[in-house]
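Throughout, a chain's letter reflects where its sequence line sits, starting with A, and its residues are numbered from 1.
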Amino acid sequence: MDLFDQIIESAQQSQPQLQQHRRPATDPARLLAGLNPQQAEAVQHGEGPLLILAGAGSGKTRVITHRIAWLVSMRGVRPSEILAITFTNKAAAEMKSRIEDLVGPASLAMWIGTFHAMMLRILRRFAALLGYDRSFTILDVDDQQKIIKSCLTELNYDEKAFAPKVVHSQISAAKNALTGADQYAREAGQDFRLSRIAKVYSLYQDKLKKSNSMDFDDILYEAVRLLSDHPEVLAEYQDRFRYILVDEYQDTNHAQYRLVRLLSDRHRNLCVVGDDDQSIYSFRGANIQNILDFEKDFKGCKVIKLEQNYRSTAMVLNAANAVIKENKGRKAKKLWTSSGAGELITFLRAENHSEEGRYIAAEINRLVTRADSACAYRDIAVLYRLNALSRSLESALREQGIPYRIFGGMRFYDRKEIKDVLGYLRLILLPGDDLALNRIIQVPRRGIGDMTLEQLAFLAAREGKSQLAICAEAAVYPELQRAAARLQAFAGQISQFRSRLLANDLSLAEYIEWVESESGLVQELVDQQGKSRLDDPVDRIENLKELLSDALEFTAGRQELRALDQAGGLAPEDQDLLAEDLPSVLASFLERAALYAEMDEDRENQDYVRLMTIHSAKGLEFGTVFLVGAEEGLFPGYRSMENEADIEEERRLAYVAITRAKRKLYITTARSRLVFGQTQNLSVSRFAQEIPSQCLEEIGGSRFRDTGAEFGRSAQAGGSRFPGMPEQNRRIPDLIRPAAPNPRTSSPIDLRKGDTVRHARFGSGRIVSCEPVAGDAIVIIEFESGERKRLLARMANLEKI
DNA sequence: CCTGTTAATTTTTTT
DNA sequence: AATTAACAGG
């Protein structure tokens with residue numbers, strides 16, 4: 001029996017019970033087993049607001065999932081009456097699967113997801129009430145930036161004085177604070193700068209409305225507007241969500257706070273979980289006051305503190321407590337553990353960044369190869385404040401042959417080649433999407449330049465039509481004379497793509513593959529391969545393939561929903577997820593791409609060292625943690641040194657970093673390091689100095705009174721001051737990125753040099769060279785015409801003769 | 001219209 | 001150091 005059948009069957013089994021709300025109680029002992037008194041109390045809490053202050057490693061996720069299971073099985077709460085909100089999609093997926101383990105497929109009827117994902121469901125349903133069309137699009141950061149820029153030029157504001165990035169973040173902050181454009185203008189008054197930003201804000205908002213689109217902040221802003229202005233809508237959701245749970249409450253912004261207030265106002269069964277000491281997202285609107293003021297805001301609330309830490313040794317915890325206690329204005333809280341003292345924290349004062357890197361690499365090798373230890377690469381993480389620091393580590397790890405993987409940085413859907421494909425798909429689906437058109441009309445190059453595009457935008461505005469429509473009738477406009485033929489060819493191509501979409505004769509993955517190849521996007525990358533380029537075209541072709549696997553997976557995922565619908569558990573908001581026709585499937589695929597950044601699946605059992613920023617390590621834990629670059633100016637960063645609030649946030653970041661370690665923590669620094677291309681001498685981070693001496697062993701120098709580099713102490717070339725540090729170079733590590741298995745195209749390519757093949761357009765020819773790429777191959781073929789072509793074998797549909 | 005060059009600019013990150 | 005935006009020449 002495959003998974004799909006299992007889901008249907010178990011959903012059917014549980015269905016009658018669901019309807020009668022008398023799902024037989026899961027054994028209560030099972031839900032409470034192994035919980036400490038505070039955890040058990042939180043799980044069993046009945047009605048009324050509840051604040052769970054959950055320190056790092058205190059079993060927070062366990063408490064939430066068990067509480068939800070408890071509500072369903074012991075208190076007869078229907079799964080559909082539960083709304084659980086997480087900070088990331090990844091956390092949501094994790095929560096879903098853990099709840100499913102406890103209560104079975106009933107969990108599928110719960111609303112579990114991020115604020116944005118949940119609100120978007122509601123907004124689509126009631127889009128008309130807010131003056132949007134149901135099909136409104138979600139803009140990504142790139143699009144947002146572009147619109148801001150066009151606003152600035154339109155208003156004739158100097159882009160130097162008004163950096164688009166800064167303006168955008170001000171507008172974003174305003175929206176998160178629920179300050180609309182009008183109110184912003186009123187508050188700005190005569191202030192030169194603010195009044196101008198207000199103008200941009202208002203114009204920006206007009207543009208979004210005109211193009212029927214929202215940015216991320218609008219999703220929250222408009223959701224608040226919907227619920228505040230439409231009591232009947234609010235009442236429906238207030239009724240529906242009898243129990244609301246919010247994870248990572250310390251990272252909520254004002255708009256999210258409003259939403260929580262509104263939705264929970266009827267049943268008042270709001271449970272928030274968080275740790276004020278782990279609030280590290282204020283730079284994007286998170287308001288730590290939300291959690292600090294919870295008791296004031298939700299009168300009569302119960303507060304439960306989870307202070308017992310199950311993750312780290314006493315040594316690590318002492319260090320963490322010592323650092324965080326320097327912060328003022330936090331909830332009194334002190335983590336403790338019943339586990340042993342553990343190993344001392346190792347502090348390293350290296351001469352420079354390469355010595356730091358070599359030390360870490362050597363130490364990792366020592367840990368992993370040590371005879372007695374069960375320490376594997378997968379138990380080790382290297383954390384840093386800035387992504388840029390990963391570079392110097394990379395080379396050291398590579399030299400020592402240590403397998404590693406860097407997380408973060410470029411996200412999958414943000415890659416240029418992926419956004420290009422998505423751009424095509426967007427334009428095909430919504431021919432009025434001028435932003436998408438502008439993104440792709442020059443990819444691949446088709447002889448349409450900036451001047452033409454400007455004309456195009458102007459004409460589209462004048463005629464009140466979409467830019468694609470103007471392209472289609474380009475010959476009519478004398479202004480477009482020169483490029484008319486090319487514009488019409490482009491419009492023709494898109495319309496051809498659209499007919500194929502509407503023909504509905506392909507699966508999503510097949511269709512995307514068809515667009516990738518017909519648009520010439522693949523061919524462009526194939527052509528670049530070989531020419532020395534900054535980005536490796538082979539990687540980019542792999543990414544295009546990976547998008548296909550993603551589409552395949554997505555299509556499979558919708559089957560679960562259908563199973564759920566058969567069980568009658570699907571909310572009205574999700575009914576259109578059932579549509580099976582290609583345009584609808586594509587629409588939801590694009591929506592997911594806009595909302596879900598993480599495609600970077602980390603399979604936990606993969607044996608490599610993990611490198612990431614402290615931010616992305618939040619919520620994770622590792623046996624051994626290296627915290628690198630612990631220097632003033634880097635961590636805390638020089639930009640946060642001016643005001644106390646920022647320093648406190650950096651300190652919380654340090655707290656998060658330290659508490660990731662289960663058994664052993666290393667903190668490393670360098671006396672001199674390249675920062676933004678300049679060698680700088682930096683002193684030891686204040687956070688490292690706040691750790692009590694009895695927790696530490698120091699290598700290479702003291703934490704105190706060791707400010708910059710000292711002359712004459714630079715590390716001897718090649719050698720090292722540290723014992724046990726092997727000389728460089730062993731073997732080149734295997735390719736770290738696991739090749740994405742593409743179930744559909746995974747059969748091996750059976751082509752080699754010298755074979756004769758037939759191509760639908762170019763006729764037959766002989767393969768001159770063949771180079772494997774991501775389950776496919778780039779082949780160079782000499783055709784009978786004498787012409788040489790470079791092609792991607794599978795995409796070109798070559799027939800072997 | 002395209003492409004190769006110089007000049008300028010640097011957090012953290014998810015949605 | 002490295003990426004990206006503005007710029008000039010083919």
Side-chain angles (χ1 to χ4, degrees), chain A residues 85-92 113-120 138-141 144-145 149 159-160 163-166 169 172 175-176 214-221 223 248 251-253 255-256 279-286 353 383-392 395 407-411 413-414 416 441-454 482-483 486 531 533-535 591-598 600 612-619 629 633-641 646 649-650 652-654 656-657 673-680:
Chain A
I85 294 172
T86 59
F87 188 58
T88 65
N89 291 301
K90 192 172 156 198
T114 62
F115 274 105
H116 291 82
M118 300 297 99
M119 293 307 121
L120 197 54
I138 311 300
L139 298 182
D140 63 40
V141 186
Q144 296 170 34
Q145 209 92 276
K149 272 191 185 168
E159 280 202 19
K160 287 202 178 76
K165 225 171 146 184
V166 177
S169 73
S172 166
K175 285 185 188 176
N176 287 154
M214 292 190 193
D215 64 19
F216 287 119
D217 306 313
D218 285 330
I219 296 175
L220 302 179
Y221 184 90
E248 306 281 14
D251 287 320
T252 51
N253 61 35
Q256 292 164 331
S279 165
I280 55 175
Y281 282 98
S282 75
F283 66 90
R284 57 170 236 244
H353 71 270
L383 308 183
Y384 33 79
R385 175 68 239 265
L386 283 81
N387 271 128
L389 286 186
S390 68
R391 280 176 212 290
S392 58
S395 54
F407 289 84
M410 181 60 83
R411 286 190 300 276
Y413 292 111
D414 279 347
K416 209 185 291 149
I441 197 168
Q442 313 202 59
V443 196
R445 300 261 166 225
R446 38 169 75 79
I448 297 168
D450 295 347
M451 297 302 274
T452 308
L453 285 181
E454 238 170 78
R482 208 174 308 175
R486 280 166 284 197
K531 293 179 197 169
R533 275 264 159 197
L534 298 128
D535 263 340
E591 173 156 318
R592 196 189 63 137
L595 226 49
Y596 290 57
E598 315 123 0
D600 246 21
M612 63 185 92
T613 62
I614 301 167
H615 281 93
S616 37
K618 187 162 119 172
L634 266 180
F635 189 24
Y638 69 99
R639 308 192 61 148
S640 53
M641 306 236 272
D646 286 348
E649 173 136 335
E650 297 275 309
R652 291 193 290 270
L653 205 46
V656 169
R673 148 179 348 257
L674 276 172
V675 185
F676 301 137
Q678 223 127 34
T679 306
Q680 293 199 285

Ignoring the backbone of A:Leu386, work out which of B:dT15, B:dT12, C:dT3 is nearest its side chain.
B:dT12

I need the minimum non-hydrogen distance between A:Tyr384 and A:Ser390, along with the two atoms involved.
OH-CB, 3.4 Å

Quick one: label A:Gly637 by what it contacts on the DNA or RNA (base, sugar-phosphate, nothing), any heavy atom closer than 4.0 Å.
nothing

What is the separation between atom CG on A:Leu389 and atom P on B:dT10, rounded to the nearest whole Å?
18 Å

If you check the A:Arg284 side chain, which of C:dA2, B:dT13, B:dT15 turns out closest?
B:dT13

Nearest heavy-atom neighbours spanning A:Ser616 and A:Thr613
OG-OG1, 2.8 Å

Return yes if some donor-acceptor pair links the side-chain N/O of A:Gln144 with the main-chain N/O of A:Leu139 below 3.5 Å, else return no.
yes

When A:Tyr281 and A:Gly449 are each assigned the nearest nucleotide of DNA chain B, the 5'-most assignment goes to A:Gly449

Expressed as a whole number of angstroms, how long is the span from A:Leu139:CG to B:dT14:C1'?
16 Å

With nearest nucleotides of DNA chain B determined for A:Gln442 and A:Arg639 from heavy-atom distances, which residue corresponds to the more 5′ nucleotide?
A:Gln442

Would you find more than 12 non-hydrogen atoms of other residues, nucleotides or ligands less than 6.0 Å from A:Met451 atom CE?
no

A:His353 NE2 to C:dA1 C1', straight-line distance once rounded to whole Å:
10 Å

What is the distance from CZ of A:Arg486 to P of B:dC2, rounded to the nearest Å?
8 Å

Distance in angstrom units between A:Lys618 NZ and B:dT13 P, rounded
13 Å

With rounding to whole Å, what would you report as the distance between B:dT13 and C:dT4 at their P atoms?
16 Å

Does any part of the side chain of A:Ile219, heavy atoms only, come nearer than 4.5 Å to the side chain of A:His116, both counted from C-beta?
yes

When rounded to whole Å, the CG to P distance for the pair A:Leu220 and B:dT14 reads 16 Å

Rounding to an integer number of Å, can you tell me how far A:Glu649 CD sits from B:dT13 C1'?
11 Å

Considering only B:dT15, B:dC1, B:dT3, which nucleotide approaches the side chain of A:Arg445 most closely?
B:dT3

Between B:dT15, B:dT12, B:dC1, which nucleotide has the shortest distance from any of its atoms to the side chain of A:Thr452?
B:dC1

Stacking between A:Phe87 and the base of B:dT14 (centre distance under 5.5 Å, interplanar angle under 30°)?
no

For A:Ile138, which contact category applies under a 4.0 Å heavy-atom criterion: base, sugar-phosphate, or nothing?
nothing

Just call it for A:Asn387: base, sugar-phosphate, or nothing, with non-hydrogen atoms closer than 4.0 Å on any strand.
sugar-phosphate

Selected nucleotide, minimal atom distance to A:Leu674 side chain, candidates B:dT15, B:dT11, C:dA1:
C:dA1

With a 4.0 Å limit, can you tell me whether A:Thr613 has a side-chain N or O closer than that to the phosphate oxygens OP1/OP2 of B:dT13?
yes

What is the separation between atom CE on A:Met641 and atom P on B:dT11, rounded to the nearest whole Å?
15 Å

Base, sugar-phosphate or nothing for A:Tyr638? Non-hydrogen atoms, less than 4.0 Å.
nothing

Are any side-chain N or O atoms of A:Asp218 and backbone N or O atoms of A:Tyr221, one a donor and one an acceptor, separated by less than 3.5 Å?
no

When we call it a touch if two heavy atoms are under 4.0 Å apart, what does A:Ser640 touch: a base, just sugar-phosphate, or nothing?
nothing

Can you tell me which nucleotide in B:dT15, B:dT12, C:dA2 comes closest to the side chain of A:Phe283?
B:dT12

